[in-house]
Amino acid sequence: MLKKLVASIREYKKDSILSPIYIAFEVFLECVLPLVTASMINTLQSFSTETATVSSGIVAWINDLIMGWASGDVLLAIVLHGVFLIVFAMLSLSCGALAGRTAANAAAGFGKNLRHDLYYSVQDFSFANIDRFSSTSLVTRLTTDVTNVQNAYMMVIRGGIRAPMMFTFSIILSFQISRTISLITLGLMILLATFGFLLFRKVMPIFKKIFKKYDKLNQSVQENVRGMRVVKAYVREEFEKEKFSTASENLKNDFTYAEKIMAFLDPMMSSVTYIAMLCTVFVGSLIALGVMHPLGDSIRIGEISSLIQYGMQTLMSLMMLSMMFVMVTLALESGRRITEVIDEKSTIINPENPVREIEDGSVEFKNVSFKYSEKARREVLSDVNLTIKSGETVGILGSTGSSKSTLVQLIPRLYDVTAGEVYVGGRNVKEYDLETLRNAVSVVLQKNVLFSGTIKENLRWGNKEATDEEMKRACKLACADSFIESFPDGYDTYIEQGGANVSGGQKQRLCIARALLKKPKILILDDSTSAVDMKTDAVIRKAFAEEIPDTTKIIIAQRIASVRNADKIVVMDGGRIEAVGTHEELLKTDEIYQEVYRSQNKEDK
C-alpha cells in the first residue's frame, strides 16, 4: 500500500527531501540554544559572585570557548553569548520557515497527484468495476481520504523527523549534563508512553469505523440534493432530515466517544511535564548546592535551566509523536481505501494488437451468457443467439428485468460476456481497440445525463470537433432543434448540473443528438424516448430511417409503437430470447408479444 501511495509523490520528491534536511538543522540549532543559555547563566553567576566557573561537560566546553574569544572579559563573554543566541535563533527560525514551505508544497502536490491518480483510475473502470464501489464512497475517497493522507504526509516529513530527532538529541544532551535527572525524566516518559499506547489501542477501532459512516452521510446528502424535486413532490422533507440527522448523529457520537478517550492524554501530559520540571529543579538544586552527588553528577544553576528546557523538548516531542500516531493511523485506513481503488484492475482491457477499423455495423451474439459477478448463482443472460445485419433497425421488447439493457451493453464492451462471443463488423469485440469500438457504437443509456455547461458543450461530448452545422443537423434528427431555438441563448443556453433546467423529454432528445454526432455505425437507444410523446417519437424514427439508413439502429422500448416498423423485433423474457420476427409475424406466433400488444391497444382506446 505504502509503495502505491509514495508513487504519487513524483515531481515533489525534491521538496520532500529538502524539508527533513531543513528540519534537521532547525532541531540541531534548537538543541544548542539551551547549552548556550546555560553557559551564559554560569558566566553571569561567576561575574556576580566573582568566582570561577566550575562547570563540566559540554556546557563547560562552550563556556571556555567563548571566554577564550573574550580574552577573559566577563562582560564581553556575556555579549558574545547573547550574539550566539540571536544568531542561532534566527538560523533556526529560517530553517523552520523553509521546512514549512517545502513541506506544504510537497504535501499539497502529493495530494494533487493522489487525486489525479485516483480519478484517472476510476475513469478506466468498466461497468463491472463501477458496480463494486458506490458513488458516495468514491467521492469520500477522493476528498476526505485524500485530505487525511495529505495531512499525515505533511506531518511525517516534518514531525516525523523533528520529533524523533528532538527526543534523541534532548535525551543525549541531558545525559551529558546529569544522568540522575535524565533517568528521572526518561522514567516519566516511559510511563506517559505506556498510558498513551493504551489510549490509542482503545480509540483506533473507533476511528476506523468512522470512514464507513462518512460514506453514509455523503450518500444521504447526495441522494437528497439529486432528488430534491422528488423529495418536495412527495413531501418527504422531514424523512430526509431525519435520515441525515441520524447519519450525522452517529458520526458525531463516534467522534465524541473517541475524543473523550483522547481527552485524558492532555492532562496526563501536562501533569508529567510539571512533575518533570519539579523533579529537575528540586534534584538539580540539591546537586548544585552540593547536598547530594548521585551517580557522580556535578552541575551548576545554568545546567538546571538547560535540563528544564530539554525536559520540555522531550515531552513536546512525545506529544507530537502521539498526535502523529493518531493522524498516521487514520491516514493508513484512508490510504487502504485509496489504494483499493487504484489497485482495482479494469475487467476490460485492450488486446495487445487491437483492430482499429470497424468494417460495418453488423452485430452477432453467439451462445452468449452473462452474470454480473463470478460469485453470482444466476445468469442474467443465458444462451443468447442473435444476428443483426448492418443498417437494420431492430427493436427489443421485454418486461422489466428481462435484461434488455444488459444485452446491448455487451456490444460496446461496457461489460464483457461470461460465456460466448459478441461480434461487431464480423470480428469479436475483444479484438477491437476500446476507443475505436466505443466511437463506432453510440449508446443512449436509460439514465440520461447532461453535464453543467452550454448545450453546445454537452453536444460536443459526442464529437469535440463538431461544427455548428453538424450540431444543428443532429438536433434536427433528434427533434431537439425546435425547443433549443426557443431559448433566448439558443445553443449557448446553459444547462444546469444533471440537466435540471430542461424537461425529461428535452434531456432525452439532447442525449440522442449527442450520440448522433459521433456518426456511429451502431446506434443504441435504451428506452431513450420514454419521456417523448408518440408523435415526436414517430418523427425521430422517420428521420433515422431517411437520414441514417446505413447505421444499425437498436431500439429498446416499452411501447410497441416505437418498434413496430423495425426490420425485426426481439422479444426477451428472463434473460433469454423468446422470439424474433416482424410485427406481423410476432402477432401471429408469440404469446408475450400478443399480450403486450393487446394491453397497449386497450390503453390507447
Side-chain angles (χ1 to χ4, degrees), residues 6 9-41 57-59 61-63 65-66 69 78-113 149-177 182 185 189 269 273 302-303 305-328 331:
V6 169
I9 298 173
R10 291 196 288 277
E11 69 270 29
Y12 297 97
K13 287 179 182 176
K14 180 181 176 182
D15 287 323
S16 299
I17 294 170
L18 283 175
S19 183
I21 293 173
Y22 289 136
I23 288 290
F25 279 111
E26 181 190 18
V27 170
F28 171 75
L29 292 167
E30 282 190 23
C31 288
V32 170
L33 285 172
L35 297 176
V36 179
T37 303
S39 176
M40 184 171 69
I41 292 172
I58 192 168
V59 175
W61 180 81
I62 293 173
N63 190 273
L65 180 65
I66 294 177
W69 288 342
I78 293 171
V79 172
L80 286 174
H81 277 94
V83 171
F84 273 110
L85 285 172
I86 292 171
V87 171
F88 286 173
M90 292 304 295
L91 287 173
S92 177
L93 178 64
S94 300
C95 289
L98 288 170
R101 180 178 178 180
T102 52
N105 194 40
F110 173 54
K112 179 203 74 173
N113 286 345
V149 173
Q150 177 181 325
N151 290 339
Y153 183 66
M154 176 181 277
M155 181 162 276
V156 165
I157 60 177
R158 293 194 69 187
I161 301 298
R162 179 184 176 83
M165 284 187 66
M166 182 69 78
F167 184 87
T168 304
F169 284 175
S170 297
I171 289 292
I172 291 173
L173 291 172
S174 62
F175 264 98
Q176 291 289 322
I177 298 170
S182 299
T185 304
M189 296 302 103
M269 284 195 167
T273 300
E303 280 91 331
S305 70
S306 63
L307 285 169
I308 291 173
Q309 290 184 62
Y310 285 135
M312 290 291 293
Q313 288 177 350
T314 304
L315 285 163
M316 291 303 104
S317 301
L318 202 61
M319 186 178 293
M320 187 181 294
L321 283 171
S322 66
M323 291 172 60
M324 190 171 65
F325 183 77
V326 173
M327 186 168 286
V328 167

Kindly state each residue pair satisfying side chain to side chain donor-acceptor pair (under 3.5 Å) with at least one member in residues 78-96, sequence neighbours excluded.
-> Ser39-His81
Atom [atom1] of [X] and atom [atom2] of [Y]: how far apart are they, to the nearest 0.5 Å?
X: Phe169; Y: Thr314; atom1: CZ; atom2: OG1; answer: 12.5 Å
X: Ile157; Y: Asp15; atom1: CD1; atom2: CG; answer: 8.0 Å
X: Met312; Y: Ser317; atom1: CE; atom2: OG; answer: 11.0 Å
X: Gln313; Y: Ile171; atom1: CD; atom2: CD1; answer: 10.5 Å
X: Gln176; Y: Leu307; atom1: CD; atom2: CG; answer: 11.5 Å
X: Tyr310; Y: Ser305; atom1: OH; atom2: OG; answer: 9.5 Å

Would you be so kind as to tabulate the donor-acceptor pairs closer than 3.5 Å made by side chains of residues 16-33, with sequence neighbours excluded?
{"residue": "Ser16", "atom": "OG", "partner": "Tyr12", "partner atom": "O", "Å": "2.8"}
{"residue": "Ser16", "atom": "OG", "partner": "Tyr153", "partner atom": "OH", "Å": "2.5"}
{"residue": "Ser19", "atom": "OG", "partner": "Ala99", "partner atom": "O", "Å": "3.3"}
{"residue": "Glu26", "atom": "OE1", "partner": "Arg162", "partner atom": "NH1", "Å": "3.2"}
{"residue": "Glu26", "atom": "OE2", "partner": "Arg162", "partner atom": "NH1", "Å": "3.4"}
{"residue": "Glu30", "atom": "OE1", "partner": "Arg162", "partner atom": "NH2", "Å": "2.9"}
{"residue": "Glu30", "atom": "OE2", "partner": "Arg162", "partner atom": "NH1", "Å": "3.4"}
{"residue": "Glu30", "atom": "OE2", "partner": "Arg162", "partner atom": "NH2", "Å": "3.1"}

Indicate yes or no: at least one non-hydrogen side-chain atom of [X] is less than 4.5 angstrom from one of [Y].
X: Asn151; Y: Met154; answer: no
X: Met155; Y: Val328; answer: no
X: Pro164; Y: Leu321; answer: yes

Of all the heavy-atom pairs spanning [X] and [Y], show the shortest one and how long it is.
X: Gly96; Y: Arg158; answer: O-NH2, 3.9 Å
X: Ala108; Y: Gln150; answer: CA-NE2, 3.8 Å
X: Gly159; Y: Met320; answer: CA-SD, 3.7 Å

NZ of Lys14: more than 12 outside heavy atoms within 6.0 angstrom?
-> no
Is the number of heavy atoms from other residues, nucleotides or ligands within 6.0 Å of CZ (Arg10) greater than 12?
-> yes
Is the side chain of Ser182 donor-acceptor paired with the backbone N or O of Ser174 at a distance under 3.5 Å, no angle test?
-> yes
